[in-house]
Number of protein chains: 2
Amino acid sequence: MEHRKILDILRHGHPHETAIVRGWIRTKRDLKNFSFIELNDGSALANLQIVINPQVASPDLLKQLNTGASIEVQGTLVDSPAKGQRLELQAQQIHLYGGVDSETYPLQKKRHSFEFLRTIAHLRSRTNTLSAVFRVRNSAANAIHQFFQERGFLWIHTPILTSSDCEGAGELFNVTQLDLANIPKTERQSVDYQHDFFGKPAYLTVSGQLEAEVMAMAFSNVYTFGPTFRAENSNTSRHLAEFWMIEPEMAFCDLQGDMDLAQDFLKSIVQAVLNTCPEDLDFFNQRIDKTVLSRAEAIVNQDFERLTYSEAIAQLERSNQSFEFPVEWGLDLQSEHERYLTEQLIGKPVILYDYPIGIKAFYMRANDDGRTVAAMDVLVPQIGEIIGGSQREERLDLLQQRLQASGLNEQDYWWYLDLRRYGTVPHAGFGLGFERLVQFITGMSNIRDVIPFPRAPMSIEF
Amino acid sequence: MEHRKILDILRHGHPHETAIVRGWIRTKRDLKNFSFIELNDGSALANLQIVINPQVASPDLLKQLNTGASIEVQGTLVDSPAKGQRLELQAQQIHLYGGVDSETYPLQKKRHSFEFLRTIAHLRSRTNTLSAVFRVRNSAANAIHQFFQERGFLWIHTPILTSSDCEGAGELFNVTQLDLANIPKTERQSVDYQHDFFGKPAYLTVSGQLEAEVMAMAFSNVYTFGPTFRAENSNTSRHLAEFWMIEPEMAFCDLQGDMDLAQDFLKSIVQAVLNTCPEDLDFFNQRIDKTVLSRAEAIVNQDFERLTYSEAIAQLERSNQSFEFPVEWGLDLQSEHERYLTEQLIGKPVILYDYPIGIKAFYMRANDDGRTVAAMDVLVPQIGEIIGGSQREERLDLLQQRLQASGLNEQDYWWYLDLRRYGTVPHAGFGLGFERLVQFITGMSNIRDVIPFPRAPMSIEF
């Protein structure tokens with residue numbers, strides 16, 4: 001007899017087929033002559049109903065088949081008289097792998113708050129919601145690789161450990177092999193990095209972009225998909241200290257091409273998740289956020305609006321909407337402005353572009369107007385900014401000026417400047433915070449609930 | 001006219017088609033009435049030959065078309081009279097994006113040592129060898145995702161920042177937000193972590209296995225593919241401080257199933273690279289290591305030998321081969337022993353299993369003989385160990401004993417032990433160092449040449 005995943009049985013099983021299934025018991029109901037078990041193996045949101053009669057399980061075994069216990073069942077598929085399921089499995093043989101102490105098992109069948117579930121992150125994937133989140137996360141991650149691979153982009157691994165601060169802005173984690181209790185000092189009482197692993201200060205990366213540019217200057221089209229870090233002390237539902245980012249970088253590409261790719265990319269990923277996880281998305285739409293499906297379909301079916309930053313500011317000013325933060329040309333847009341734009345004013349995803357030079361990073365390409373750069377942000381309902389990108393400054397002299405104006409040291413960027421000295425080309429790229437994307441697709445409101453083991457201030461358990 | 005990748009032209013182009021290509025000049029030869037340019041865009045190992053006559057490029061432009069310069073060419077494909085290429089591009093129009101100062105460009109057309117190329121890691125991907133390495137790297141990475149996704153494994157992201165040391169063995173990097181020059185101290189002069197980001201010591205992970213086990217206990221089959229870290233002060237051609245690892249974990253799986261998966265996995269990845277990068281592999285076979293193709297074919301076409309550790313020790317002892325390190329039951333095998341086994345004694349990939357309990361990690365499942373554990377290593381020619389795995393100890397009491405015997409604190413592993421308290425199941429998995437795999441496939445002898453920006457002692461540039 002063949003072991004089958006529950007997903008496979010639910011989608012492709014037929015009555016009279018025999019099968020072995022293995023999984024964890026979600027619930028058991030004891031009737032007079034039968035017991036029913038709902039079994040889950042993580043392959044699908046739905047459980048497989050197992051029908052057990054007394055000949056198959058002794059009273060002693062039956063007593064141990066509690067919520068959380070792990071079993072193997074051999075049996076025959078039969079049409080199910082119950083609502084909401086096509087098939088059930090008539091058990092012929094049951095093997096208990098591991099029991100559960102029901103007194104202490106924290107995941108009894110009842111509603112648990114997401115906050116409580118975070119304290120048992122090692123068990124929370126056994127709940128409907130979190131298991132659906134991580135299936136969707138996998139589906140989106142896989143779709144991202146497929147999207148780029150089909151288009152000839154190389155997946156490149158940019159370094160996590162770095163001696164430079166990409167944007168000159170982030171709050172960085174220090175990485176050291178020195179004994180923190182006994183940091184060696186120079187005569188002038190500064191840290192003596194001679195004895196450290198790298199011989200100089202080292203940090204966790206905040207972005208792989210600069211190195212991705214290096215690789216695009218050899219392979220034309222590349223992308224990163226890896227972890228990035230911010231030591232920002234924000235204990236919010238929107239920030240993580242460790243999160244995954246996707247950063248494509250394209251040689252011979254301008255801001256228009258960048259916006260085109262960003263739109264194709266989002267459409268393609270959302271469509272792929274709609275195709276592969278329909279049950280999970282239905283679940284989110286019913287239980288978590290009633291706009292999950294309509295938002296997904298809006299992404300897939302509509303072209304995104306494109307609007308300059310200046311036009312967006314003008315529209316926000318005309319709207320007479322009252323905001324917490326000021327709206328003024330030259331100031332950064334806040335989440336409230338972004339959401340108002342995409343949700344109310346435009347009513348669909350928006351790409352804003354040509355931002356004021358003063359609020360954007362040194363590497364973004366200066367426009368001819370002298371006051372804006374070729375930057376773009378993609379805004380979506382419920383989230384606000386989900387993608388940020390730009391055409392990069394490929395002109396050596398202008399890049400040097402921007403470095404200087406940003407107070408950065410040219411010597412630290414010698415290799416980045418070399419890309420402009422030797423065969424420079426127009427190029428562009430963007431960054432997508434992966435957890436924001438998973439939040440957008442699932443409707444989960446706290447970012448800590450879309451990554452298996454969230455890292456945040458004072459939170460590094462598991 | 002349509003922009004085409006050079007790979008696409010080389011594989012699918014026809015004479016008389018028009019095309020736009022963009023890339024970097026590898027070489028230029030000036031003849032009396034023509035110039036020839038070898039253009040590369042990173043999509044393929046081979047260059048596209050561009051034929052330029054004086055009407056198309058002024059003497060001034062021609063002078064700037066040097067090695068390293070970036071151009072766009074519009075032209076028509078024609079049959080090439082030259083050897084080793086099917087087509088060439090007759091230029092009708094040339095646009096120079098970025099020139100090159102030939103006096104200072106470090107990548108002139110000549111042989112460079114890999115050692116020198118490491119000092120210009122921002123340019124080395126523009127050489128034949130390194131560009132082939134990173135195409136193969138991408139192909140293998142993509143094949144790994146496809147292998148697992150087709151089998152229903154979820155890609156899960158285990159944390160990089162951790163408060164625990166998975167194996168209780170590794171040399172760990174410290175991660176802190178504290179100012180290293182002014183570490184706050186408690187009254188007893190130990191580090192006052194209260195003021196640090198996580199409120200306790202934090203490290204970079206050496207393995208995602210324990211967290212992968214958590215996820216396997218909910219989804220049955222999962223895998224990680226992410227960066228891991230060792231602060232080992234080994235300045236060798238075999239070690240990196242930062243490297244990428246793949247770790248599948250399967251619930252309801254024993255050591256036999258683990259070995260089966262490891263073999264299928266290696267065969268499948270190597271076959272995929274043979275299919276997608278034939279030109280690159282031919283290049284490695286000719287220029288780097290003449291056994292590249294034969295080793296790849298041996299992986300694909302033969303089943304791996306399986307041998308217990310005890311039997312391997314007996315065979316090594318019988319061989320009368322002299323080794324630097326002693327061969328004795330209970331001692332770890334060294335690289336020289338592993339290579340002798342797979343290259344000489346067996347002559348193909350070998351899976352060793354059932355290792356002495358004393359040399360293996362606490363989480364490996366104790367065999368009934370009381371002296372070995374259900375561990376396995378896959379050994380391949382030229383590399384030695386490429387995969388290490390085990391069935392995990394799923395029995396709570398035995399795991400607790402092993403923790404204690406290893407001098408580890410049970411409280412640090414409360415959540416890991418919970419997996420054995422609540423619905424424990426037999427499970428197994430393995431780890432593969434991705435760079436070792438890329439070395440095996442390409443024949444590159446230094447591990448620093450198979451990752452874009454290698455991190456090693458005193459080495460964190462770029």
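Protein chains get the first letters and strands the later ones, always in sequence-line order, with residue 1 at the start of each.
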J.: Partners of A:His195 by ring-ring contact (aromatic ring centres under 6.0 Å, His included), sequence neighbours excluded?
T.: none
J.: With chain B, which of A:Ala456, A:Ser459, A:Pro454 has the greatest number of heavy-atom pairs at distances under 4.5 Å?
T.: A:Ala456
J.: Looking at chain B, which one of A:Ala251, A:Pro457, A:Gly68 has the largest number of heavy-atom pairs inside 4.5 Å, strictly under?
T.: A:Pro457
J.: Starting at CZ of A:Arg151, measure out to NZ of B:Lys5 and round the result to the nearest 0.5 Å.
T.: 11.0 Å
J.: Could you check which of B:Asn66, B:Val191, B:Leu396 has the highest count of heavy-atom pairs closer than 4.5 Å to chain A?
T.: B:Val191
J.: Between A:Gln194 and chain B, with a heavy-atom cut-off of 4.5 Å, which part of the residue counts as in contact: side chain, backbone, both or neither?
T.: backbone
J.: Picking from B:Tyr193, B:Phe225, B:Phe153, B:Phe434, which has the most non-hydrogen pairs under 4.5 angstrom with chain A?
T.: B:Phe225
J.: So what's closer than 4.5 Å to chain B heavy atoms on A:Leu154: side chain, backbone, both or neither?
T.: both
J.: Taking every non-hydrogen pair under 4.5 Å, which of A:Thr176, A:Val214, A:Val425, A:Ile451 racks up the most with chain B?
T.: A:Thr176
J.: With a 4.5 Å heavy-atom cut-off, do A:Gln149 and B:Asn138 have their side chains touching?
T.: yes
J.: Which one of B:Val100, B:Thr67, B:Asn142 has the most heavy-atom pairs closer than 4.5 Å to chain A?
T.: B:Asn142
J.: If we ignore hydrogens and angles and just use 3.5 Å, is the side chain of A:Glu242 paired with the main-chain N or O of B:Ile160 as donor and acceptor?
T.: yes
J.: So, do A:Tyr97 and B:Phe252 sit near enough that their side-chain heavy atoms are less than 4.5 Å apart?
T.: yes
J.: Using non-hydrogen atoms and a 4.5 Å limit, figure out which bit of B:Glu435 sits close to chain A: side chain, backbone, both or neither.
T.: neither
J.: Without swapping roles, check the side chain of B:Ser220 against the backbone of A:Asp41 for a donor-acceptor pair under 3.5 Å.
T.: yes
J.: If I take atom CZ from residue A:Phe197 and atom CD1 from residue B:Ile460, how far apart are they, to the nearest 0.5 angstrom?
T.: 9.5 Å
J.: Taking all non-hydrogen atoms of both residues, which atom of A:Leu178 and which atom of B:Asn174 are closest, and how far apart?
T.: O-ND2, 3.0 Å
J.: Just how far is it from atom CD1 of B:Ile120 to atom CH2 of A:Trp415, taken to the nearest 0.5 Å?
T.: 14.5 Å
J.: Any chance you could measure B:Ser43, atom OG, to A:Phe219, atom CZ, to the nearest 0.5 Å?
T.: 10.5 Å
J.: Any donor-acceptor pair under 3.5 Å linking the side chain of A:Arg455 with the backbone of B:Pro159?
T.: no
J.: Would you mind telling me which of A:Ala69, A:Gly199, A:Gly99 has the largest number of heavy-atom pairs within less than 4.5 Å of chain B?
T.: A:Gly99
J.: What residues, two or more places apart in sequence or in another chain, satisfy ring-ring contact (aromatic ring centres under 6.0 Å, His included) together with A:Tyr416?
T.: none
J.: Just how far is it from atom CD of A:Gln177 to atom CG of B:Leu204, taken to the nearest 0.5 Å?
T.: 11.5 Å
J.: So which residue, B:Gly42, B:Gly98, B:Gly423, ends up with the most heavy-atom pairs under 4.5 Å with chain A?
T.: B:Gly423
J.: Heavy-atom distance under 4.5 Å to chain B: side chain of A:Ala44, backbone, both or neither?
T.: neither
J.: Using the rule given for side chain to side chain contact (heavy atoms under 4.5 Å, CB included), can you reason through A:Leu161 versus B:Phe229, listing the C-alpha separation, both sets of side-chain angles and the distance that settles it, and then say yes or no?
T.: CA-CA 10 Å; A:Leu161 296 169; B:Phe229 304 84; 3.9 Å; yes
J.: Which heavy-atom pair separates B:Ala218 from A:Trp24 by the least distance, and what is that distance?
T.: N-CH2, 4.2 Å
J.: Count the heavy-atom pairs under 4.5 Å between each of A:Arg126, A:Glu72, A:Lys200 and chain B, then report the option with the highest count.
T.: A:Arg126
J.: Once you round to the nearest 0.5 Å, how far does CG of B:Leu123 lie from CE of A:Met217?
T.: 11.5 Å
J.: Indicate yes or no: at least one non-hydrogen side-chain atom of B:Glu213 is less than 4.5 angstrom from one of A:His122.
T.: no
J.: What part of A:Gln64 lies closer than 4.5 angstrom to a heavy atom of chain B: side chain, backbone, both or neither?
T.: neither
J.: Would you name the heavy atoms of A:Lys185 and B:Leu180 that are closest together and state the gap between them?
T.: CE-O, 4.2 Å
J.: A:Glu211 side chain to B:Phe453 main-chain N or O, any donor-acceptor pair under 3.5 Å?
T.: no
J.: Within the side chain of A:Trp244, is there an N or O that forms a donor-acceptor pair under 3.5 Å with the backbone of B:His157?
T.: no
J.: Is it the case that the side chain of A:Ser70 and the backbone of B:Thr424 share a donor-acceptor pair, with hydrogens and angles ignored and the cut-off at 3.5 Å?
T.: yes
J.: Between B:Asn40, B:Thr104, B:Asn221, B:Ile25, which shows the greatest number of heavy-atom pairs under 4.5 Å with chain A?
T.: B:Thr104
J.: Which heavy atom of A:Thr119 sits nearest to which heavy atom of B:Trp414, and what is that distance?
T.: O-CH2, 4.0 Å
J.: Out of A:Arg137, A:Gln189, A:Arg135, A:Arg420, return the one with the most heavy atom pairs under 4.5 angstrom to chain B.
T.: A:Arg137
J.: Of the listed residues (B:Pro227, B:Pro426, B:Ala231, B:Ser139), which shares the most heavy-atom pairs with chain A below a 4.5 Å separation?
T.: B:Ala231
